[in-house]
Protein chains: 2
Amino acid sequence: MTVSRALNAPGKVTPETLARVRTAVDALGYVPNAMASGLRMARARMVAALLPTLVGPVFQELVESLAESLKRSGYQLMIGQAGYDAAQEEELIKTIIQRRPDGIVLVGLVSSPGARNALLASRIPVVETWDFTDHPIDMLVGFSHGAIGASVAQFLHDRGHRHVAIITANDARAQARTAAFMERSKALGAQSAQCFLTTAPSTVGAGRKGLATLLQTAPEITGVFCSSDSLALGALIEAQHQGRRVPQQLAIVGLGDQSFAQDAQPALTTVRLDGTRIGALAAELMIARAEGRPVAEPVVDVGFHMVVRDST
Amino acid sequence: MTVSRALNAPGKVTPETLARVRTAVDALGYVPNAMASGLRMARARMVAALLPTLVGPVFQELVESLAESLKRSGYQLMIGQAGYDAAQEEELIKTIIQRRPDGIVLVGLVSSPGARNALLASRIPVVETWDFTDHPIDMLVGFSHGAIGASVAQFLHDRGHRHVAIITANDARAQARTAAFMERSKALGAQSAQCFLTTAPSTVGAGRKGLATLLQTAPEITGVFCSSDSLALGALIEAQHQGRRVPQQLAIVGLGDQSFAQDAQPALTTVRLDGTRIGALAAELMIARAEGRPVAEPVVDVGFHMVVRDST
DNA sequence: TTGTACGCGTTATCAC
DNA sequence: GTGATAACGCGTACAA
């Protein structure tokens, strides 16, 4: 007990005792056991995050910012990769709940009812991110993918493009962007809104292949929305390879504003998503909830904005 | 006790009891507490990994493969970001040891003696990765950065380049590559081996800026080793921007064989590092050690190999 | 200021 | 096949 006090509240023991404890700690190589502490206190001082993938630059800002903010408040971050598969997600969530983290940050909305129920039953604070809904499990920091698709369609139309297309993956969020993009284009009277779904992950190679296929089936297009910057870079390379000048003959819009977007030649027009802000806000909500403070605004739409550069 | 058996060894209870337990579990929403279990068993069923950074594509294959392999054996992965700073690393290692993970995977060698001692005293299995030394703390799966620098210098020399340069970051591993590259170039009688250290992280932008600076101070160079594929892509873009033809007037070699390397135009010559293999091997060693099985080969050099494409 | 008793939730062990 | 007991290491509550 005296050791526990000496380490956690040094002011509550005499300097002499403190010194004796410290000497013994050093001599024995004593390290407090966080599992025992967590069990006793019913607080793990740890927050779990669940991502679809760690591969690809998309969520890196978010994770880095989340980890940094949590560390500053004395929480560790535990990361799980769920893939884009609902069954795997559910299993991983249940494993995570067993560890009794002080909070769970999810990248994306929870799809399966099983996972949703497990989270609700656990009474652990949850922040969903990187998407938007009016009915989150608990808290939410994100943006609307449908709004992005519509905005880009509007942007291309405003620039005079009447034959547009989208190159995209086919996960749920990508589908929301695609549907909104197609719908807005149609509403604006764009002559054609080709849609090409790559099955591969969002790589530069997929972008090249995507644009190549697109230019064969619909050579009349003058504007393309690529639903990640990697895809956009691939499309840019393929366009240059085929002798189509960007932006004169083909306008390209990316998504994510990865650091390379501004260094491409021409620099990529893209949609900026503020992963750093999302991570910091998610951490803030999480910590407030974990420490019993009230959360003023548990649902935050951080939005997005277009960054217009030279590829359009 | 019967519940514990029903959940962990269903064969040891009667089907009837099992059914009663399962009903109660569902009705009450019971979820086993992994902290209590870990405390009692002295096994957390968790492995911690420490990375310099999650940003950038460099370690993604490794982490993904590590997480996947561990999950298959029933271990969770906890990730910590240490930055490239020794003090921060030491602090993080001590925090991690408090959680009593079954193993610790380090990306990079441990530099500070304090961290080294803490790890040794903890008696937790440790795998260092992504580098090589003959005296690891415990186990090691990696490759020699010096050997990479020398190999690339040799490769460029064999291709007839007599004025070569390196564009690189300046962390410890980058310095090892740079020193070996310079030394081998000199030994081979290359007329000049310019060295340019970017202070920024290894981004496409840094690669562009690096090459631009280099071409001003040493326009005679015909071969450049960029110590990441992102830098190489930046150099490629800058070369094309300045009208230098690649590979005819300037040969570019990258490092990492990221997926975009093969999709650049021209496709990038690079050095392949098998992150997936390193992750899988590290997990294998870790699990064997954690479960008390002997580890035949605790120090593995997985090497690397040049992937020659069109940029040289 | 320091020390004692107890309980957090789990599982190894032994008795029934 | 099932249940009782104890112990993992910590911190709260209270006694000295």
> How many Å lie between CE on A:Met41 and P on C:dC6, as a whole number?
Replying inline: 22 Å
>> For B:Tyr30 and A:Arg20, find the nucleotide of DNA chain C closest to each by heavy atoms; which residue's nucleotide sits nearer the 5' end?
In response: A:Arg20
> Mind checking whether A:Arg40 and B:Met35 have side chains closer than 4.5 Å, heavy atoms only?
Replying inline: no
> Counting side-chain heavy atoms from C-beta on, which of D:dG11, C:dT13, C:dT2 comes nearest to A:Val13?
Replying inline: C:dT2
> Nearest of D:dT2, D:dC10, D:dG11 to any side-chain atom of B:Thr17?
Replying inline: D:dT2
>> Using the side-chain hydrogen bond (donor to acceptor under 3.5 Å, both in side chains) definition, which of the options A:Arg177, A:Gln175, A:His145, A:Arg173 pairs with A:Ser227?
In response: A:Arg177
> C:dT11 C1' sits how many Å from A:Met35 CE, rounded?
Replying inline: 14 Å
>> Starting the side chain at C-beta, find the nucleotide from D:dG1, D:dG9, D:dA7 nearest to B:Thr14.
In response: D:dG1
> Which whole-number value in Å describes the distance from A:Arg100 CZ to C:dG9 C1'?
Replying inline: 9 Å
>> Given D:dG11, C:dG9, D:dA4, identify the nucleotide with an atom nearest to the side chain of A:Asn8.
In response: D:dG11
> Is A:Arg5 side chain donor-acceptor paired with the C:dG3 base, going by distance under 3.5 Å alone?
Replying inline: yes
> Expressed in angstrom and rounded to an integer, what is the separation of A:Leu18 atom CG from C:dT2 atom P?
Replying inline: 10 Å
> Can you find a side chain N or O atom of A:Ser4 that sits less than 4.0 Å from OP1 or OP2 on D:dG11?
Replying inline: yes
>> Nearest to the side chain of A:Ser37, heavy atoms from C-beta on, is which of D:dG1, D:dC10, C:dT2?
In response: D:dC10
>> Tell me the interatomic distance from B:Leu39, atom CG, to C:dA12, atom P, rounded to whole angstroms.
In response: 13 Å
>> If you assign A:Ala34 and B:Lys12 each to the DNA chain D nucleotide with the nearest heavy atom, which residue ends up on the more 5' nucleotide?
In response: B:Lys12
>> For a quick check of understanding: with a heavy-atom distance under 4.0 Å over all strands, which category does B:Met1 fall into, base, sugar-phosphate or nothing?
In response: base
> For the pair made of CD in B:Gln98 and C1' in D:dG9, what is the distance, rounded to whole Å?
Replying inline: 13 Å
>> If we check side-chain contact (heavy atoms from CB on, under 4.5 Å) with A:Leu18, which of these qualifies: A:Glu16, A:Arg22, A:Arg20?
In response: A:Arg22
>> Determine whether A:Ile79 and B:Leu77 satisfy the following criterion, side chain to side chain contact (heavy atoms under 4.5 Å, CB included), listing intermediate values before the conclusion.
In response: CA-CA 7 Å; A:Ile79 292 181; B:Leu77 180 63; over 6 Å; no
> Taking C-beta and beyond as the side chain, do B:Pro125 and B:Asp138 meet within less than 4.5 Å on heavy atoms?
Replying inline: yes
> Quick one: B:Arg43 CZ to C:dT10 C1', roughly how many Å, whole number?
Replying inline: 15 Å
